Amino acid sequence: MITIASLHLYPVKSLRGFSVNVAEIDALGFVGDRRFLVVDETGRFITQRTVPQMAIVATTLSDGFLTLTAEGFGNISVPLAPDPTAPTVAVSVWSDDGLLAEDCGSAVGAWLTNVLTTPCRLVRIGPAFRRPVERGTAHPGDRFSFADGAPLLVTTTASLQELNRRLAATDGAPVTMDRFRPNLVLDGGAPFAEDYWSALDVAGARFRAAGPCSRCLVITADQFTGQRGKEPLKTLTTFRRTVLDSPSVHFGVNLIQESKSGLVRVGDPVVVTCL
C-alpha cells in the first residue's frame with residue numbers, strides 16, 4: 001500500500017518550508033504554497049540557486065499572516081490576503097514574464113535585503129495574477145503559483161532510501177528529504193517507481209503527473225544553514241540522468257492537481273495509475 005508519509009508547504013518560493021498534517025487543494029496547488037516570491041530590483045525572481053542563504057529564513061502561516069524569521073534578525077509579518085491598495089508590479093519566474101503581483105511593502109523588503117545581503121522585495125499573488133501551466137500534460141484552465149514548472153512535487157521515501165544507500169556506499173553522509181522541497185512524500189512501493197506514474201488518486205482528489213523534476217544546485221544546500229556541498233547531486237548524476245535528456249538529473253515527479261478543491265491528509269492511501 002502507498003500512503004502519504006508527509007505534506008509540506010513553502011509559502012515563499014525558496015525560503016524554508018514546513019510540514020502540515022492536512023493540505024487543502026485550490027486552483028493553484030496547495031493553499032498557502034509558493035504564494036509569495038522574492039524578487040530583485042527588476043522584478044526577476046531570486047532563489048537559492050544564486051542566494052543559498054535564503055534557506056535560513058523560516059516561514060509560518062498563522063491568523064491571516066505570513067511571518068518570516070531568521071536567527072539574529074528577529075521576525076516580520078505581512079498579511080496573506082491581497083491588498084487592493086498595494087502597488088501591482090510585473091515579475092518574472094523563468095520564462096514567464098509580466099506576471100502581475102502585489103508588492104508587500106518597503107518594511108519587509110528592507111528586512112529581507114538585510115538578511116540576504118542583496119537588494120530585494122517581497123511580492124504576493126493577488127487578483128491580477130495569471131499563470132497557466134504550459135507542460136505537455138496540462139489542460140486548459142490549469143494554473144499555478146510561483147512554483148518552478150508545475151503546481152506540486154511528489155517524492156517517495158523509497159527513492160530517498162536508495163539514494164542514501166548509494167551515498168553510504170561511497171562513505172557519503174545521508175541527506176534528508178527537505179533537500180528536494182517536495183509537497184507530497186509517499187511511503188510504499190519501489191525506488192523511483194514514480195517515474196512511471198501517470199496519475200494519483202487521494203481522498204477523492206486526482207493529480208496528473210507532469211513529468212520528472214530536474215534537479216539543480218539547490219539540493220546541495222543544507223536547508224537550515226544554506227551551506228553547500230557536492231552531494232547529493234554528484235551521486236544522483238551517476239544514475240539519474242536520462243538518455244534523451246542527458247543534461248538533466250531527476251528526483252521526484254511534478255504534479256498538476258486535476259481536482260481544484262479538496263483535502264489530503266498524512267496517512268491517506270494513494271492509488272497510482274501507471275503509464
Side-chain angles (χ1 to χ4, degrees), residues 4-21 23 29-30 32-38 45-62 66-76 93 111-112 114-118 120 122 145-164 166-168 172-187 213-237 240 249-255 266:
I4 296 180
S6 60
L7 295 163
H8 306 269
L9 300 179
Y10 308 88
V12 185
K13 182 180 179 66
S14 250
L15 299 190
R16 193 185 302 165
F18 56 87
S19 61
V20 294
N21 290 322
F30 280 169
D33 186 63
R34 296 174 174 93
R35 305 304 165 96
F36 292 80
L37 179 71
V38 181
F45 75 126
I46 299 174
T47 73
Q48 288 186 38
R49 293 169 181 84
T50 55
V51 186
Q53 62 266 38
M54 292 178 80
I56 73 171
V57 183
T59 60
T60 57
L61 301 177
S62 180
L66 163 72
T67 299
L68 309 180
T69 306
E71 186 175 355
F73 297 91
N75 60 70
I76 192 167
V93 179
W111 188 90
L112 279 166
N114 191 28
V115 174
L116 302 178
T117 65
T118 189
C120 58
L122 184 70
S145 62
F146 292 126
D148 271 352
L152 298 164
L153 176 68
V154 62
T155 59
T156 69
T157 57
S159 297
L160 182 65
Q161 288 166 1
E162 173 61 16
L163 170 59
N164 281 331
R166 291 172 181 256
L167 286 168
V175 295
T176 51
M177 193 66 88
D178 62 358
R179 294 289 186 103
F180 301 99
R181 301 176 65 84
N183 296 108
L184 302 93
V185 180
L186 305 187
D187 198 12
C213 183
S214 297
R215 311 316 308 213
C216 64
L217 285 175
V218 170
I219 67 171
T220 67
D222 184 293
Q223 289 300 296
F224 281 84
T225 67
Q227 294 183 345
R228 281 183 177 162
K230 294 182 178 180
E231 296 290 8
L233 190 59
K234 179 181 177 182
T235 293
L236 281 173
T237 300
R240 291 295 296 165
V249 177
H250 296 149
F251 189 98
V253 171
N254 294 293
L255 296 178
V266 172

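As the structure is a prediction and not an experimental result, all values here were calculated from the model.
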Check side-chain contact (heavy atoms from CB on, under 4.5 Å) between [X] and all other residues, then give those that pass, not counting sequence neighbours.
{"X": "Thr156", "answer": "Ala158, Ser159, Leu186, Glu194, Trp197"}
{"X": "Phe224", "answer": "Arg16, Asp178, Asp222"}
{"X": "Gln161", "answer": "Thr157"}
{"X": "Thr220", "answer": "Leu217, Arg228, Leu233"}

* Side chain Gln48, main chain Met54, donor-acceptor under 3.5 Å ->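 No: the side chain of Gln48 does not pair with the backbone of Met54.
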* **Asn183 side chain to Leu153 backbone, donor-acceptor under 3.5 Å** =>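 Yes; judged by distance alone, with no hydrogens or angles, the pair exists.
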Side-chain contact, heavy-atom cut-off 4.5 Å: [X] with [Y]?
{"X": "Leu122", "Y": "Leu66", "value": "yes"}
{"X": "Trp111", "Y": "Val57", "value": "yes"}
{"X": "His250", "Y": "Cys213", "value": "no"}
{"X": "Thr117", "Y": "Val51", "value": "no"}
{"X": "Phe18", "Y": "Pro11", "value": "yes"}

Taking only residues two or more places apart in sequence or in another chain, which ones pass salt bridge (charged side-chain N to carboxylate O under 4.0 Å, His left out) with [X]?
{"X": "Arg179", "value": "none"}
{"X": "Arg34", "value": "none"}
{"X": "Asp148", "value": "Lys13, Arg49"}

* Determine, stepwise, if the pair Leu160 / Phe180 fulfils side-chain contact (heavy atoms from CB on, under 4.5 Å). => CA-CA 10 Å; Leu160 182 65; Phe180 301 99; 3.9 Å; yes
* To do: Quick one: do Asn164 and Val175 satisfy side-chain contact (heavy atoms from CB on, under 4.5 Å)? Show the steps, please.
  => CA-CA 7 Å; Asn164 281 331; Val175 295; 3.6 Å; yes
Separation between [atom1] of [X] and [atom2] of [Y], rounded to the nearest 0.5 Å:
{"X": "Leu167", "Y": "Glu231", "atom1": "CG", "atom2": "CD", "value": "5.0 Å"}
{"X": "Phe36", "Y": "Leu61", "atom1": "CZ", "atom2": "CG", "value": "8.0 Å"}
{"X": "Leu152", "Y": "Asp33", "atom1": "CG", "atom2": "CG", "value": "6.5 Å"}
{"X": "Arg215", "Y": "Arg240", "atom1": "CZ", "atom2": "CZ", "value": "10.5 Å"}
{"X": "Thr69", "Y": "Ile56", "atom1": "OG1", "atom2": "CD1", "value": "11.0 Å"}

Just to verify, what does [X] make a side chain to side chain donor-acceptor pair (under 3.5 Å) with, not counting sequence neighbours?
{"X": "Thr67", "result": "Ser77"}
{"X": "Glu162", "result": "Arg165, Arg166"}
{"X": "Arg181", "result": "Gln223"}
{"X": "Thr60", "result": "none"}

* ring-ring contact (aromatic ring centres under 6.0 Å, His included) with Tyr10: which residues, sequence neighbours excluded? -> none
Do you know which two heavy atoms are closest between [X] and [Y], and how far apart they sit?
{"X": "His8", "Y": "Phe30", "answer": "O-CD1, 4.3 Å"}
{"X": "Leu255", "Y": "Ala150", "answer": "O-CB, 3.8 Å"}
{"X": "Ala70", "Y": "Val115", "answer": "CB-CG1, 4.0 Å"}
{"X": "Gly29", "Y": "Pro151", "answer": "CA-CB, 4.1 Å"}

* Check the pair Phe251 / Ile219 against side-chain contact (heavy atoms from CB on, under 4.5 Å), numbers first and verdict last. => CA-CA 10 Å; Phe251 189 98; Ile219 67 171; over 6 Å; no
